[in-house]
Amino acid sequence: MDQLCQGLLELAGGRVELRFGTLVRHLAVTPTGPWQLLDDGQQLLDEADWLVLSGTLLAHPRSQQLLGWEEPPLQPVARSLGDPQLTEAMASIAALGYEPRCVLLLLIDASRADHWRKLPFRLLEFQPAARQRWGLERLALQPLEDGRCAVVVHSTDAFASRHLSVYGAGSAIARLQPTQPSGEREQAVIAELTAALQQVLKHWISPCDLGDGPSKLMRWGAAFAQPPGLPAELMLCPQSRIGFCGDGLEGPGFGRVEGALLSGERLANRLVSTLRAH
Ligand SMILES: Cc1cc2nc3c(=O)[nH]c(=O)nc-3n(C[C@H](O)[C@H](O)[C@H](O)COP(=O)(O)OP(=O)(O)OC[C@H]3O[C@@H](n4cnc5c(N)ncnc54)[C@H](O)[C@@H]3O)c2cc1C
């Protein structure tokens, strides 16, 4: 899916300047001055006339629980701006619920990948009874060109909710924590998901087909936004020069890639008309 974004950025060519890899920790703005993006140490990363947020991390209270921040970074800025539309948008974002998911990632060595590659499906969606029985929701196989096979196992919401405090050592969130997560608890969740996978596939895949390749756990605390989303009329707050898009916006494809893409397109159209009108 990230190739979709790469493709869009390539279409924009030299008209956009790309910067990746630094968490925006603080925001600052005055009614007439530019938006300022600051890092963890309050160092200025960039300035902009308009700000578009495609994720809700800077605006949603989950950042308090997740990262121990005192309040979502956009909150004090919204208070100081006193824009009623932005205040309403912030309240609507705060009311957004999210479902978590745990994801087990296995990389099967080429010497053991044969049985995996011969399975008659690439994506297995679990029915409600199967979800309840195994705690799994989806299994995706991705044969790689070099003969290996990637296996991606998604847990159910209920499974992930039971393990909310366990996140993978390699996940983005782990890198932001002052202390490293407990490897023991992570291994226990990996073992539980692996055992469920073995049970599901026992007629086709033997334990030895799993091999001893790397297995990783990704824990997404905010995997799927839950309705109702941010209403479309709050997506652009012209007085504060801020816009919101992403999978948390109400509309077709809500909570998914489709919704994220469509909301981005809708916001872009509104932003362009607003800028033209000025
Ligand atoms: C496990 C899992 C499985 C999924 N499966 C599917 C599926 O099969 N089909 C489907 O349609 N959807 C699926 N989704 C949902 C889909 O991934 C999302 O709906 C989509 O990625 C949302 O796009 P977005 O641009 O709104 O947000 P994101 O993809 O979250 O993009 C936001 C970006 O902003 C960056 N960012 C956020 N805050 C900051 C900050 N403070 N500083 C710097 N950068 C920041 C993030 O790093 C990220 O790159 C799945 C999601 C998960 C977690």
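Quick note: numbers below take in every heavy atom, side chains included, and nothing from hydrogens, waters or symmetry partners. Whatever order the structure lists ligands and atoms in, that order sets their numbers, starting from 1. Quick caveat: nothing in here was measured; it's all calculated off a predicted structure.
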Looking only at protein heavy atoms, which one is nearest to [atom], and how far off is it?
atom                    : answer
atom 5 (N) of ligand 1  : R138 NH2, 2.9 Å
atom 44 (N) of ligand 1 : T22 O, 4.6 Å
atom 4 (C) of ligand 1  : F224 CZ, 3.5 Å
atom 42 (N) of ligand 1 : V24 N, 2.8 Å
atom 25 (O) of ligand 1 : S54 OG, 4.0 Å
atom 3 (C) of ligand 1  : H154 CE1, 3.4 Å
atom 19 (O) of ligand 1 : D247 OD2, 2.7 Å

Any protein heavy atom sitting closer than 4.0 Å to [atom]?
atom                    : answer
atom 48 (C) of ligand 1 : no
atom 29 (O) of ligand 1 : no
atom 9 (N) of ligand 1  : yes
atom 22 (C) of ligand 1 : yes
atom 37 (C) of ligand 1 : no
atom 1 (C) of ligand 1  : yes

Residue [X] excluded, over 12 heavy atoms near [atom1] under 6.0 Å:
X    : atom1 : result
Q198 : CD    : yes
E125 : CD    : yes
E88  : CD    : no
R276 : CZ    : no
Q127 : CD    : no

For this session: Enter the distance from T194:OG1 to L104:CG here, rounded to the nearest 0.5 Å.
Result: 4.5 Å
Exercise. CG/L96 to CD/Q226 distance, rounded to the nearest 0.5 angstrom?
Worked result: 9.5 Å
Can you name the atoms of ligand 1, numbered from 1 with element, that are less than 4.0 Å from a heavy atom of [X]?
X    : result
L58  : 41 (N)
V257 : 10 (C), 11 (O), 12 (N), 16 (C), 19 (O)
G246 : 26 (O)
V103 : 1 (C)
A260 : 22 (C), 23 (O), 24 (P), 26 (O)

Taking distance alone, with N or O pairs closer than 3.5 Å, would you say [X] contacts ligand 1?
X    : answer
R256 : yes
A223 : no
R101 : no

For this session: Determine, for D109 against R148, whether the closest basic-nitrogen to carboxylate-oxygen distance falls under 4.0 angstrom.
Result: no
Exercise. Would you call K216-E186 a salt bridge at under 4.0 Å N-O?
Worked result: no
Problem set entry | Residue pair R101 / T156, side-chain donor-acceptor N/O under 3.5 Å | no
Problem set entry | S273 and N269: side chain donor to acceptor below 3.5 Å | no
Problem set entry | Check: D39 and V24 side chains under 4.5 Å, non-hydrogen atoms | no
Give the table of side-chain donor-acceptor pairs shorter than 3.5 Å for residues 232-241, with sequence neighbours excluded, one pair per line with atom names and distance.
residue	atom	partner	partner atom	Å
S240	OG	D83	OD2	2.5
R241	NH1	G33	O	3.1
R241	NH1	D49	O	2.7
R241	NH2	T30	O	3.4
R241	NH2	P31	O	3.2
R241	NH2	G33	O	2.8

